Amino acid sequence: MIAKTIPIVDQRAARRVPVIPAHPPAPGGMLADTRGRLLRDLRISVTDRCNFRCTYCMPKEVFDRDYHFLPRTELLSFEEITRMTRLFAAHGVEKLRLTGGEPLLRKDLEVLIEMLAALETHDGKPLDLTLTTNASLLSRKAQAFKAAGLQRITVSLDSLDEAVFRAMNDVDFPVADVLKGIDAAHDAGFAHIKINMVVKKGVNDHDIVAMARRFKGSGHIVRFIEFMDVGSSNGWRMNDVVPSAEIVRMISAEMPLIEAEPNYIGEVAERWAYADGSGEIGVISSVTEAFCSTCTRARLSTDGKLYTCLFAQSGHDLRALMRSGKSDEQIAAAIGLIWNQREDRYSEIRTEEMVRTKKIEMSYIGG
Ligand code: SAM
Ligand code: SF4
Ligand code: SF4
C-alpha cells in the first residue's frame with residue numbers, strides 16, 4: 001500500500017540536555033518564542049506502542065517484532081506526567097491532548113486523566129483535556145474516561161470501505177468496531193466527537209465524500225488530514241497528498257459547504273459548514289497551507305523529551321532533569337528557555353532535502 005518503506009535510524013537517542021538559566025523570570029502564562037508564538041497546547045504521548053500498524057504511521061516492516069519499544073522504566077510515570085503538565089500550565093498551556101501510540105494501551109489511563117483533570121491553567125481555569133484514539137478499545141473505557149474528567153475525544157478512522165480500512169490499519173481491524181467505539185463515547189456523554197481521516201491519494205481518497213455523508217447531521221465532525229512526512233519510515237511523497245482545497249471541492253459538489261470562522265486563533269483545522277445547517281467538517285492542510293505562524297504546540301514524548309515541532313530531529317530531555325532531583329522552579333526555567341529560543345517552522349520551509357532528513361516518529365512524540 002505504501003510506495004516504499006525506509007528503515008529508520010533510531011532518532012530517539014538524539015537528546016539535548018536542557019540548560020537551567022541562573023535568573024529565570026517566574027512563569028506568567030505568556031511564554032513566547034522567537035516568532036511571538038505563545039505556548040498554549042501540550043500533546044503527551046503516553047505510550048509508543050500501538051495495536052494498529054497504519055501504513056502511514058507505523059509500517060509493519062519497521063515496527064516489527066525486532067523493533068525496540070521503550071521499556072517500562074523509560075516511560076514517564078503518571079506522577080511525572082502530572083508534574084510536567086502543571087509546570088507547562090504555569091507557562092500558559094491551556095489545552096492538553098493525550099495521544100501516542102495508542103493511548104488506551106496505557107494501563108489505568110483513567111487514573112492519569114483524573115490526576116490531570118484536577119490541574120488548572122495559569123489563570124485558574126480547568127485545562128481543556130482531550131484524547132486521540134483509534135477507538136479499538138474505546139467501548140470499554142469511554143464511561144470511565146468521562147467520569148474521570150476527560151472533556152473531548154478525537155477518533156481516527158481512515159475509511160468506511162472495509163477492505164481499505166483493514167489494509168490501512170494493517171491488522172485487519174473492522175470498521176464496525178471503530179463505529180461502536182464512537183457510539184459508546186457518544187452514549188457516555190461526549191459531544192461533537194472529531195473523526196480524523198488521513199487522506200492518501202489512490203488509497204482512500206475515493207471514500208472522502210462517503211465519509212462526509214455518513215457523519216453529516218450526526219453532531220460529529222469529520223476532519224480530513226493531508227498525509228504528512230512525519231518521521232522517516234512512511235515513504236512519504238508529495239504525489240500522495242490530496243490538497244485540502246480539492247477535498248472541499250469534492251464534498252461541496254454534492255453537499256454545499258460555506259467557509260466558517262475559526263473557533264479561536266491558531267485553530268489547526270479550517271472549518272467548513274454545510275449550507276443546509278446540518279453540521280460541519282474540517283480540513284487540516286499541514287502540507288499545502290502551512291500554519292506554523294500560529295503554532296502554539298509543544299509535544300512531550302513517552303520518555304519525557306520536549307519537542308517543539310512535529311518534525312523535530314531531537315528533543316530536550318526533561319525527564320533527566322526530573323530524575324536528577326531538579327526543583328519545579330529549575331525545570332520550569334529550563335522549559336521557559338527552550339520555548340524562548342524556539343524557531344521552528346518546518347512546514348513553511350519544507351524542501352525535498354528536509355523531507356529526507358531523519359526525523360522523530362509520530363507514535364513516539366504523539367500526533
Ligand atoms: N493512535 C491514536 C490514533 O490513531 O488516533 C493516536 C496517535 S496517532 C499518531 C494521532 C493522529 O495522527 C491520528 O489521527 C493519525 O491518523 C495521525 N497521523 C499519523 N501519521 C500521520 C501522517 N503521516 N500524516 C498525517 N496524519 C498522521
Ligand atoms: Fe497506531 Fe494511531 Fe499510528 Fe495508527 S495512527 S499506527 S492507530 S498510533
Ligand atoms: Fe508547528 Fe512544526 Fe507543524 Fe509548523 S511544522 S505547524 S512549527 S509542528
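Since the model is a prediction, treat every value here as computed from it, not as a measurement. First listed ligand is number 1; within each ligand, the first listed atom is number 1.
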Which heavy atom of the protein is the closest neighbour of atom 9 (C) of ligand 1, given with residue, atom name and distance? Gly100 O, 3.6 Å
Just need the protein heavy atom nearest to atom 4 (Fe) of ligand 3, so name the residue and atom and give the distance. Cys292 SG, 2.3 Å
Check: Ser45 side chain, Tyr364 main-chain N or O, donor-acceptor pair, under 3.5 Å: yes
To atom 15 (C) of ligand 1, the nearest of Val198, Asn51, Ile153 on a heavy-atom basis is Val198
For Met58, atoms of ligand 2 separated by under 4.0 Å from a heavy atom: 6 (S)
Heavy-atom donor-acceptor pair, Ser285 side chain to Val287 backbone, under 3.5 Å: no
Of the listed options (Met362, Arg223, Arg97, Glu361), which comes nearest to atom 19 (C) of ligand 1 when hydrogens are ignored and any heavy atom counts? Met362
Show the atoms of ligand 3 that are less than 4.0 angstrom away from any heavy atom in Phe291. 6 (S)
With heavy atoms of Tyr346 as the reference, note each atom of ligand 3 found under 4.0 Å away. 5 (S)
What residue and atom, counting heavy atoms only, is the protein's closest point to atom 8 (S) of ligand 3, and at what distance? Leu310 N, 3.3 Å
Where ligand 1 meets Asn134 - atom numbers and elements under 4.0 angstrom, heavy-atom basis: 2 (C), 3 (C), 5 (O)
Does NZ or CZ of Arg350 fall inside the cone over Phe311's six-membered ring, less than 6.0 Å from its centre and within 45° of the axis? yes
Minimum-distance protein heavy atom relative to atom 21 (C) of ligand 1: Tyr56 CD1, 3.5 Å
Between Arg271 and Glu259, is the closest basic N to carboxylate O distance under 4.0 Å? no
Below 3.5 angstrom, do we get any N/O pair linking Thr99 and ligand 1? no
Would a single hydrophobic cluster contain both Leu96 and Ile365, if residues Ile, Leu, Val, Met, Phe, Trp and Tyr are joined by side-chain heavy-atom contacts under 4.5 Å? no
Answer yes or no: does an N/O atom from Met228 fall short of 3.5 Å to an N/O atom of ligand 1? yes
Which residue and heavy atom of the protein sit nearest atom 1 (Fe) of ligand 3, plus the separation: Cys295 SG, 2.4 Å
Nitrogen or oxygen atoms of Thr133 and ligand 1 under 3.5 Å apart: yes
So for ligand 1, is Ser363 a polar contact partner (N or O within less than 3.5 Å, distance only)? no
Within the 3.5 Å criterion, strictly below it, is a donor on Trp339 or Gln341 matched to an acceptor on the partner's side chain? no
Side chains of Lys60 and Tyr67: do they bring a donor and an acceptor to under 3.5 Å? no
Numbering as shown, the atoms of ligand 1 that approach Val230 to under 4.0 Å (heavy-atom distance): 22 (C), 23 (N)
Do Leu131 and Thr99 come within less than 4.5 Å of each other through their side chains, counting heavy atoms only? no
So between Cys54, Cys57, Ser363, whose heavy atom ends up nearest atom 3 (Fe) of ligand 2? Cys57
Ion pair present between Arg297 and Asp41, side-chain N to carboxylate O less than 4.0 angstrom? no
From the options Gly101, Ser45, Cys57, select the one whose nearest heavy atom is closest to atom 6 (C) of ligand 1. Gly101
Assess Glu226 for proximity to ligand 1: is some non-hydrogen atom of it under 4.0 Å away? yes
Distance filter under 4.0 Å to Arg297 heavy atoms, resulting ligand 3 atoms: 6 (S)
Is the closest heavy atom of Ser286 to ligand 1 under 4.0 Å? no
Going by the order shown, which atoms of ligand 3 are within less than 4.0 Å of some heavy atom of Phe311? 5 (S)
Asp158-Asn196 side chain donor-acceptor pair, cut-off 3.5 Å: no
State plainly whether the residues Arg35 and Glu348 are in salt-bridge range, i.e. N to O under 4.0 Å. yes
Glu102 heavy atoms, cut-off 4.0 Å: which ligand 1 atoms fall inside? 1 (N), 2 (C)
Check whether Phe227 forms a cation-pi arrangement with Lys201 (NZ or CZ under 6.0 Å from the six-membered ring centre, at most 45° off the ring normal). no
Any idea which part of Thr132 is under 4.0 Å from ligand 1, heavy-atom wise: side chain, backbone, both or neither? both
What atoms of ligand 2 come closer than 4.0 angstrom to any heavy atom of Asn134? 7 (S)
If the cut-off is 4.0 Å to any non-hydrogen atom of Ser347, which atoms of ligand 3 fall inside it? 5 (S)
Parallel, tilted or perpendicular: which fits the ring planes of Phe165 and Phe52, with parallel below 30° and perpendicular above 60°? perpendicular
Identify whether Phe215 and Val199 are in the same connected component of the hydrophobic contact network (ILVMFWY, side-chain heavy atoms under 4.5 Å). yes
Tyr56 ring centre to Lys200 NZ or CZ under 6.0 Å, with the angle to the axis within 45°? no
Among all the protein's non-hydrogen atoms, which is closest to atom 2 (Fe) of ligand 3, and how far away is it? Cys309 SG, 2.3 Å
Heavy atom of the protein closest to atom 7 (S) of ligand 3 (residue, atom name, distance): Asp344 O, 3.6 Å
Ser156 to ligand 2, any heavy atom closer than 4.0 Å: no
Please check this pair: side chain of Glu102 against backbone of Leu104, looking for a donor-acceptor N/O pair closer than 3.5 Å. yes
Atom 13 (C) of ligand 1: the protein heavy-atom neighbour that sits closest, reported with distance to 0.1 Å: Ser156 OG, 3.2 Å
Can you list the atoms of ligand 1 that are under 4.0 Å from a heavy atom of Asn234? 23 (N)
Tell me whether His122 at atom NE2 has more than 12 heavy atoms from other residues, nucleotides or ligands lying less than 6.0 Å away. yes
